[in-house]
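Report on the structure given below.
First the proteins, then the strands, lettered A, B, ... as listed; each starts at 1. These values consider heavy atoms only, across backbone and side chains, with no hydrogens, waters or symmetry-generated copies. Note that the coordinates shown come from a computational prediction; the quantities given were computed from them, not determined experimentally.
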There are 2 protein chains.
Amino acid sequence: MFDYTRISDLVKKEPSDQIVAAQGWVRTKRDGKTVSFLEVNDGSCLKGLQVVIDRAKISDDILAPVTTGASVVCRGRIVESAGGNQQVEMQAEEIILVGAAPVDTYPLQKKRHTLEFLREIAHLRPRTNLMGAVMRVRNTMAYAVHTFFQERGFVYVNTPLISTADAEGAGEQFHVTTLDLDHIPRTADGAVDYTKDFFGKMAKLTVSGQLEGETYAMALKNIYTFGPTFRAENSNTTRHLAEFWMIEPEMAFCDLEGNMQIAEEFLTYVLRTVLEKHEDDMNLFSQFVEPGLKDTLWQVIEAPFAHMTYTDAIAELSKNNNKFEYPVSWGSDMQSEHERFLTETVWKRPVIVTDYPKEIKAFYMKLNDDGKTVRGMDVLAPRLGEIIGGSEREARVDVLEERMRECNLNPENYWWYLDLRRFGTVPHAGFGLGFERAVRYVTGMQNIRDVIPFPRAVKSADF
Amino acid sequence: MFDYTRISDLVKKEPSDQIVAAQGWVRTKRDGKTVSFLEVNDGSCLKGLQVVIDRAKISDDILAPVTTGASVVCRGRIVESAGGNQQVEMQAEEIILVGAAPVDTYPLQKKRHTLEFLREIAHLRPRTNLMGAVMRVRNTMAYAVHTFFQERGFVYVNTPLISTADAEGAGEQFHVTTLDLDHIPRTADGAVDYTKDFFGKMAKLTVSGQLEGETYAMALKNIYTFGPTFRAENSNTTRHLAEFWMIEPEMAFCDLEGNMQIAEEFLTYVLRTVLEKHEDDMNLFSQFVEPGLKDTLWQVIEAPFAHMTYTDAIAELSKNNNKFEYPVSWGSDMQSEHERFLTETVWKRPVIVTDYPKEIKAFYMKLNDDGKTVRGMDVLAPRLGEIIGGSEREARVDVLEERMRECNLNPENYWWYLDLRRFGTVPHAGFGLGFERAVRYVTGMQNIRDVIPFPRAVKSADF
């Protein structure tokens, strides 16, 4: 029963007299006068295998329960296809029903479903063409991330998810506890007694692995993380998740120039891998999800990224302030409309903006000699805006401590992070890419909840 | 400053007149009469680069602060080494101190440190030979996991970490909340009002991605997860972590035989990759950490795994009950001593034990026709015992519901998991491997806290 060929291989096979077996789930069934057609899919590719059934050979009793969603084993010969939709099809010798999917209860009948409805049946939605394509592309992107860094000698580091260390305040955090919320233990003065909690202190879920990642870069030179991060922000948008995956490379003996170069190589590598490997899936997105998608992605790959400073970017944008909902001036945080203007109108290709005012960037970015700007960088992409954020890190212990105080952070809480500057400090740099945002960008899917298997958001963590 | 060659490449270079640059951290410095020797390491390999400094050429003022832990750039020629410890060394033309590591404060001086001490400086410990080796091997194992499955067409699936779904009760779970523990909101009847919490219900950190993984296997056929899982168990041992990474493949149209075959191929693939790629690191472990380590690993790779049923295993073990702390009889859960006896004494190679009593295994394992045993499997390895646990899953909806009730689980909470059996059910199987347990096994490290960058355990989640 389990000797089989993947359908992605079967549909590329030369016609032959050999009997082969396909296993999968019925996507559609059409009955002609003397023949029936099944489209059978095993998730290995967008197009299923067309199985042609001579009803003189296979009885209606066998075929009756073989409906949409049913699991089947089909045995037969691969022959040239008479229809125009595929090169080859299977001429069935035998159809074995493995598991039925009753027409009156199976939720995924042939008709179109809204993405909202599919989210409610997140356990079944990978069985649709669209979600199958998203998840294949997501898989290829994840492996391309690993391959890119591994081929360049980067070490994969699993930074921790739960931490009692004070974080940078990059976002609202979830608490992790084993305390009984019905009976919170309290100290003599009435405060929550965290010494009774599992970790002995208040513990939270991480918002970024960067700081811990830096500790490993200062030993292994080039590292990357690729793991889950969490934000407890009450933002019910199509761009935010409470639980998402982040990629954060960190390079020692690397400055902002090196950082920009690796970010560009990385992004184009991942995009090119998907476009080359997933022609059918990408055509689906480009046709039905986001017209012109493939062209914008090729544009990112083929043109070298432009570089400009924040100061130059603001000068350029100010000239066009009448076009924006939010006019900008030096010191403004850029909105998506500004980022898109720069990349789509000014440069017509991706652009890396550098050297932002320190007030709108994190404490760990290297302070420039002007004392006003920091060596941060944002990679802006057409159709999206920011896709990657990064910086050269502040490697001078005194400057870093001063920046912490300016940001109302207590340097004592960051003793281990400061140690990296006390002992064998080196120029180093890194960046972060939100994986789901990248998958959303590559697939053109509108809602980020549709590019992760089981999305977590406000009031929503079922399954 | 940033044009450099990795030290793992430099130490393999042919001697040449070309000037090359090495960047890294000083591990040791030895002063002879007219020359000094630095061992410089950049994490790319165990052995650093020996840099030979003619003190007539490079002044003592420059060299004085170049001490253990300092970061340096060394420029010079690769020459044949006079000493016996390496093939080549660098004859220095220039030494640039990048960041000092003051002798009086840098915690990692040349002397040996206990692993307990190193855990307290987890941010610096990857700079030691031993921890560097562990993390390189961990990295290679992680990428081998991905490569193994990707080459076989498995789709990487990120199952969720936070969930409001009832879990199988495989272990104690952490709560995830945004409620203010100082002011817990309460309903009219005094209970905790979880509708005010972020997810609107009580939410927990996952103990396994298997059930969600199965939903994707029923669409994409072969999938695997590789992500963090959590246990809030108060077990302060060398084998448990509160946060660890799990690998969980799941295959549709696959029975227990297929599952065993893939588990064996998988394990031997990962082990072989490490042994072939990390000769120096593995020699370090085999010499100083666990004598004979490499031999036991080759033993796992080279002999085909033995298979036996639980019933046969118990029969064999009962004959030797006088040798065990805990004598066994049919129905007993096996302890490590029994597992090791089977693999080390009875078979002298890995053995897969199958068909356990249903009472000691999870509800989702396929019930055998005898009504007493289930199609579970444990892969037992010499020197360890269980390394992989898996099963063929129960694919029949009525039998599965009955097993849930026997285990005091409410089938209604598992509606989506049962749906997989209602719609296009297929025989399917999978297994789980705790990644840190595997790294511990491969490196011979005694304490699991030393094979993950920042270990989380009872009262311990610093950094």
Side-chain angles (χ1 to χ4, degrees), chain A residues 2 6 23 25 42-43 69-71 98-99 101 106 123 126-127 139 142-143 146 150 153 155-158 160-165 174-178 181-182 184 192 198-200 203 212 215-216 219-221 228 232 243 245 253 258 416 419 423-426 453-454 456 459 461-463, chain B residues 2 6 23 25 42-43 69-71 98-99 101 106 123 126-127 139 142-143 146 150 153 155-158 160-165 174-178 181-182 184 192 198-200 203 212 215-216 219-221 228 232 243 245 253 258 416 419 423-426 453-454 456 459 461-463:
Chain A
F2 305 108
R6 293 170 68 204
Q23 301 171 336
W25 291 267
D42 67 358
S71 47
V98 180
Y106 184 56
H123 62 306
R127 304 183 186 193
N139 170 65
Y143 190 54
H146 283 294
Q150 293 288 334
V155 175
Y156 179 43
V157 174
N158 295 123
L161 281 83
I162 301 174
S163 181
T164 56
F174 290 104
H175 289 253
V176 176
T177 184
T178 52
L181 300 199
D182 268 321
I184 297 278
V192 177
F198 189 88
F199 294 109
E212 289 91 351
T215 70
Y216 268 64
L220 306 176
K221 199 161 188 302
E243 174 184 313
W245 288 62
F253 294 95
W416 52 274
D419 266 4
F423 307 123
T425 190
V426 297
F454 296 93
R456 269 71 184 100
K459 306 289 173 210
D462 295 332
F463 305 102
Chain B
F2 305 108
R6 292 169 70 202
Q23 301 171 336
W25 291 267
D42 68 356
S71 47
V98 180
Y106 184 54
H123 61 307
R127 303 182 186 194
N139 170 67
Y143 190 53
H146 284 294
Q150 294 288 334
V155 174
Y156 180 42
V157 174
N158 294 124
L161 281 82
I162 301 174
S163 181
T164 56
F174 290 103
H175 289 252
V176 176
T177 183
T178 52
L181 300 200
D182 268 321
I184 298 277
V192 177
F198 190 89
F199 295 108
E212 288 91 349
T215 69
Y216 269 63
L220 307 175
K221 197 160 189 300
E243 175 184 314
W245 288 63
F253 294 95
W416 52 275
D419 266 4
F423 308 123
T425 190
V426 297
F454 296 93
R456 270 72 183 99
K459 306 291 173 205
D462 296 332
F463 306 102

With only heavy atoms counted, which part of Q150(A) is less than 4.5 Å from chain B, the side chain, the backbone, both or neither?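 Interface part for Q150(A): side chain.
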Report which part of R6(A) has an atom under 4.5 Å of a heavy atom belonging to chain B: side chain, backbone, both, or neither. side chain
Main chain of [Y], side chain of [X]: is a donor-acceptor contact present, judged purely on distance under 3.5 Å?
{"X": "R456(A)", "Y": "P160(B)", "result": "no"}
{"X": "W416(B)", "Y": "F463(A)", "result": "no"}
{"X": "E243(A)", "Y": "L161(B)", "result": "yes"}

In terms of heavy-atom proximity below 4.5 Å to chain A, should A203(B) be classed as side chain, backbone, both, or neither? neither
Tell me, side chain or backbone of I162(B) under 4.5 Å from chain A's heavy atoms, or both, or neither?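 Looking at I162(B), backbone and side chain both touch chain A.
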Report the option among P228(B), A142(B), A70(B), G258(B) that has the most heavy-atom pairs separated by less than 4.5 Å from atoms of chain A. P228(B)
Using the ring of each side chain (for Trp, its six-membered ring), is Y143(B) parallel, tilted or perpendicular to H146(A), with breaks at 30° and 60°?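 Because their plane-to-plane angle lies in the 30° to 60° range, the rings of Y143(B) and H146(A) count as tilted.
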Distance-minimising heavy-atom pair for W25(A) and V426(B): CZ2-CG2, 4.0 Å
How would you list, by chain and number, every residue that makes a side chain to side chain donor-acceptor pair (under 3.5 Å) with T425(A), sequence neighbours excluded? none
Rounded at 0.5 Å granularity, tell me how far [atom1] in [X] sits from [atom2] in [Y].
{"X": "L181(B)", "Y": "T177(A)", "atom1": "CG", "atom2": "OG1", "value": "6.0 Å"}
{"X": "F454(B)", "Y": "Y216(A)", "atom1": "CZ", "atom2": "OH", "value": "5.5 Å"}
{"X": "F198(B)", "Y": "H175(A)", "atom1": "CZ", "atom2": "NE2", "value": "12.5 Å"}

Contact winner vs chain B - [options], heavy-atom pairs under 4.5 Å:
{"options": "P453(A), G43(A), A101(A)", "value": "P453(A)"}
{"options": "V155(A), N158(A), I184(A), V192(A)", "value": "N158(A)"}
{"options": "G200(A), A461(A), G69(A)", "value": "A461(A)"}

What residues form a side chain to side chain contact (heavy atoms under 4.5 Å, CB included) with D462(A), not counting sequence neighbours? T164(B), K201(B)
Check the pair F253(A) / D42(B) against side chain to side chain contact (heavy atoms under 4.5 Å, CB included), numbers first and verdict last. CA-CA 10 Å; F253(A) 294 95; D42(B) 68 356; over 6 Å; no
State yes or no: are the ring centers of F199(A) and F174(B) separated by less than 6.0 Å? yes
